[in-house]
Amino acid sequence: MSTLAPEIYLIETVRRLLDGTHHVAIGANSPMPAAAALLARRLGTGAARVSMQQFPQFSSFTDGGRELFDLAGQGRLDAFFLSGAQIDGRGNINLVAVGDYAAPKARFPGSWGSAYLYFAVPRVILFRSEHSRRSLVERVDFISAPGSSPPGVWRRGGPVALVTPLCAFAFRDGGFHLASIHPGHTLEEVLDQTAFDFARPEKVPFTAAPDDTTLRLLRDAVAPELAALYPHFHAKLFGC
Amino acid sequence: MSTLAPEIYLIETVRRLLDGTHHVAIGANSPMPAAAALLARRLGTGAARVSMQQFPQFSSFTDGGRELFDLAGQGRLDAFFLSGAQIDGRGNINLVAVGDYAAPKARFPGSWGSAYLYFAVPRVILFRSEHSRRSLVERVDFISAPGSSPPGVWRRGGPVALVTPLCAFAFRDGGFHLASIHPGHTLEEVLDQTAFDFARPEKVPFTAAPDDTTLRLLRDAVAPELAALYPHFHAKLFGC
Amino acid sequence: MPLSLDDLVAQIPDGCTLAVCPDYSGVAMAATRALIRRGARDLTLVTLPTSSLQADLLIGAGCLRAIETSAVALGEAGAGPRFAAAAKAGSLTIRDATCPAIHAALQASEKGVPFLPLRGVIGSDLIKQRPDWRVIDNPLGSGGDPLLLVPAIRPDIALFHAPFADEAGNVWVGRRRELFTLAHASAGSLVTVEEIRPGNLLDDETLAPATITSLYIQGIAGAPRGAWPLKFGERYAEDQAHLAEYLRLAATAEGFQQYLERWVLGPEGHR
Amino acid sequence: MPLSLDDLVAQIPDGCTLAVCPDYSGVAMAATRALIRRGARDLTLVTLPTSSLQADLLIGAGCLRAIETSAVALGEAGAGPRFAAAAKAGSLTIRDATCPAIHAALQASEKGVPFLPLRGVIGSDLIKQRPDWRVIDNPLGSGGDPLLLVPAIRPDIALFHAPFADEAGNVWVGRRRELFTLAHASAGSLVTVEEIRPGNLLDDETLAPATITSLYIQGIAGAPRGAWPLKFGERYAEDQAHLAEYLRLAATAEGFQQYLERWVLGPEGHR
């Protein structure tokens, strides 16, 4: 098991988070979510339909750029992935700026569709490739999209989990709960690198590895698909 | 001049009402407005673009059934034609029912797009093929679309004229003004057959015939176009 | 994957809201006859934005509880005869609308919002008859600017006829873009097609732009000349003699029954 | 009928509101370089809904007074460098939005209504920065249902790149349906195309459905590889080396000037 690449744990974690979904959409530059969704689809555990607009073979949109948002509004999208330059303990994400909005210390591209999709999609999986006190903050400087809403506010979904290179958090009751730590990492590391408070069980399990069937499917069926979409990621993970 | 078919006067009347328009749309089963618009286009006096959705060669719509309404909302439609089972002296039109709405004496198809286009199109020309006290009433039983609106109500246009087989009315200040009577008809006839009050000059002119150039263009250039669209109307007007 | 007509219309349950389209879009007439044969009841029919024979037949056959429409017209003859008769008898709930209001109501559903605003209509008696419509003062104006809000309509099923579908369940509709809105706005779409083509339409960048993807399609049945006796785009014209016969018979309840027995319930109905 | 690039961009007056689209739609980069060469000033740029190099170049070259956008991003590198620099310096009015809000604002303009409602967004700090947006209690709800209203945006000009146009001034855009909304919502559209084809696209029932008609098109210029160095659909990929060079140079104001002189103002800019 020690021979498994760290990415395999991320893929398996996200694959499980997609259990029972039908339609999963994935944005640009997202090799890990793509691998997880394609694996779920092959296993038949979820993501029967995977939409990735930037790849023609996975783009089933024919009504322009608004179709993703419209179909999410119709309830036709079950899961989506978001991230944030900053993510805080209440699940708020910041894709805009650090510091004062009017004179920021750092400026990011913008909020994209987050302020809408975070509400419209039942299951939003947060993924942050940098696990640090700079990225996982106590309170975001700008709320691009809030992690939860007061009663009465229309909201079909929101964050269900936050996955990082160190661990996976579940999101419930407005906050994060440490669900598992990836093999090779420790609770101390997680506590040290996370600026927000989170709940945790007395004994935090290690993130489960995929079983043999899943692993075989990943290597035999998903890897070739992935090679066509994300050659660098594929090469890193499976060799050339 | 006595040799001109009555329809020629209608066509010329409507042709002049389209002076200076750019985009004119015409609904189904409207041979006379079609002839007038095509004539204006040939003369260069108006209707440079004529949209008739039911004829492929005149259908420039590629965004579905809503495009007509959307482009009217954008201000891209200059003139349109409407009618009514009943039309009253305030320019209100009724396309729904005669008698009590809940238990009507007569029921018509419905309001179509009138309740919107009457507001959105700067120049709406009313055409009614039956000039009688039954069709031109004092007060409509049901207002599909009102002829005018109180100040403050968004309204880009409305009725400019009502053309019938007997005469042409102009619409201004919320009511109809008799503009001309078609040759072969009389003021007494108009007064007798119209249930609503209307203003009139001391001496009501006869409807002008098209000049020779216009008449030649109608026969040489517009008639062949018309033959392809409305063969019966063309045959009646120009012989087979 | 393709269903029989009977299996297709079996997915239209009694009491549901069914959305249909005008002649120019492609009307699923063969499926409509199958729906009448299966004895559908209590449907609410929504026409985007008008209808002709389809609505009139469903009304005459007693399939409808209510209709939302901007017009039920048959050619130059005026109102559909069974529609007019039902209106006079008060035997059908009629929600009179205007074309762009129905477009707006379905676009609201397509976008997942509770309503869309619509200009015009203020002062029309339609508003008096539509307690579900709301006139508010434009919240982005400076006061005194009445504005109509049209609530979203979310049909259970959209039913229409299209030129062709592929084996993957995608449907090509050409210029008939209103069918995209109809499919997006409805929970599921049932489609009859002239033909089913091999392969996947989305692989063809010329055909893909006018293709409604399988995401929205609940069932497809092959039905060559499935819009008869109505026209279907440039493919076939309306059967004028048949429609004249319909208008003649449907003028009375007895005549309509005769029509129904011969052209819908009887063997000719399977045409 | 086709214009030169210079004549095309001469129709974009200083101070106007210019609407553009993301890489996947087809960005008129050659025309953007011509626009910078003509010294455009005080433009308000609206991106439906995001932009990359185009917005960053226009910002760096000092053409913009304001931008409304959901993101200005260059590849995986994050924010456009000149966009980020202008944000930090406070030298550009930035109206931060979220993608579906810009779609809604342009659809409102397409439909001629003052606003469109949008679900979500409640509780986002975006609302604090957008005094033009309004949150109301859903007038069709039963109270306590906050709903965002996004006002219509009516650009003076839309500018984009498309595969081909015809001699009649119609433009084929394939699957890029957002360009229909962009063209409908704007007072006029200026388009660059890879090629101009003889005949009339509307005569071809396969091509017509994905064709924006001449009614909306104000001017067309031929510009083979007119999206370079960005990708253009399946026709060509982005010039990764060039974009890397841009990112390297545009990290500083001086480097950006160097880029501008070589790749926009100089002879290479006419590429």
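Just so we're on the same page: letters track the sequence lines, and every chain starts at 1.
Side-chain N/O atoms of C:Gln107 and C:His184 include no donor and acceptor closer than 3.5 Å. A donor atom on one side chain and an acceptor atom on the other are not found under 3.5 Å apart for C:Thr181 and C:His103. No donor-acceptor contact under 3.5 angstrom links the side chains of C:Asn170 and C:Thr211, judged on distance only.
Inter-residue side-chain proximity for B:Glu12 and B:Leu218 is flagged as unmet; no heavy-atom pair is nearer than 4.5 Å. In this structure, the side chains of C:Leu118 and C:Pro100 come closer than 4.5 Å at one or more pairs of heavy atoms. Between C:Leu159 and C:Gln54 there is a side-chain heavy-atom pair separated by less than 4.5 Å. Residues C:Asp56 and C:Phe256 fail the side-chain proximity criterion, which asks for heavy atoms closer than 4.5 Å. Here the side chains of B:Leu237 and B:Ile11 are in contact, with some heavy-atom distance below 4.5 Å.
Interface residues of residues 135-145 of chain C toward chain B, defined by a heavy-atom distance below 4.5 Å and sorted by number: C:Gly144, C:Asp145. Applying a 4.5 Å heavy-atom cutoff, the residues of residues 107-131 of chain B that approach chain C are B:Arg107, B:Phe108, B:Pro109, B:Gly110, B:Ser111, B:Trp112, B:Gly113, B:Ser114, B:Ala115, B:Tyr116, B:Phe119. Interface with chain C: from residues 80-102 of chain B, residues B:Val96, B:Tyr101, B:Ala102 qualify, criterion being any non-hydrogen pair under 4.5 Å. The stretch residues 149-157 of chain B places B:Gly152, B:Val153, B:Trp154 near chain C, each with some heavy atom under 4.5 Å from a heavy atom of that chain.
Proximity to chain B is absent for every atom of C:Ile127, based on heavy atoms less than 4.5 angstrom apart. For B:Asp63, the parts lying under 4.5 angstrom from a heavy atom of chain C are both the backbone and the side chain. Neither the backbone nor the side chain of C:Thr69 comes within less than 4.5 Å of any heavy atom in chain B. With a 4.5 Å cut-off on non-hydrogen atoms, C:Ala97 touches chain B through its backbone but not through its side chain. Looking at C:Ser25, neither its backbone nor its side chain comes within 4.5 Å of chain B, counting heavy atoms on both sides. Neither the backbone nor the side chain of B:Glu67 has a heavy atom closer than 4.5 Å to any heavy atom of chain C.
Ranked by heavy-atom pairs under 4.5 Å with chain C, the first of B:Gly64, B:Ser59, B:Ala28, B:Ser144 is B:Gly64. Considering only heavy-atom pairs separated by less than 4.5 Å from chain B, the leading option among C:Leu148, C:Leu179, C:Leu126, C:Leu147 is C:Leu126. Between chain B and the residues C:Glu234, C:Arg119, C:Arg175, the most heavy-atom pairs under 4.5 angstrom are made by C:Arg119.
Scanning both residues, B:Thr21 and B:Ala79, for their nearest heavy atoms gives CG2-CB, 4.0 Å.
Going from atom CG of B:Leu77 over to atom CG of B:Asp70 covers 12.0 Å, rounded to the nearest 0.5 Å.
In this structure, C:Glu68 pairs ionically with C:Arg130, as a charged nitrogen and a carboxylate oxygen lie closer than 4.0 Å. Salt bridge present: B:Glu225 and B:Arg41 bring a charged side-chain N and a carboxylate O closer than 4.0 Å.
Ring-plane geometry between C:Phe232 and C:Tyr236 is classed as tilted, the angle between the planes lying from 30 to 60 degrees on a 0 to 90 degree scale. Between B:Phe196 and B:Phe198, the two ring planes are perpendicular [angle over 60°; tilted spans 30° to 60°].
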Full working for salt bridge (charged side-chain N to carboxylate O under 4.0 Å, His left out) between B:Glu7 and B:Lys236: CA-CA 10 Å; B:Glu7 287 82 359; B:Lys236 189 177 158 206; 2.8 Å; yes
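A donor-acceptor pair is defined here as one N or O able to donate and one able to accept, closer than 3.5 Å; no such pair exists between the side chain of C:Arg65 and the backbone of C:Leu43.
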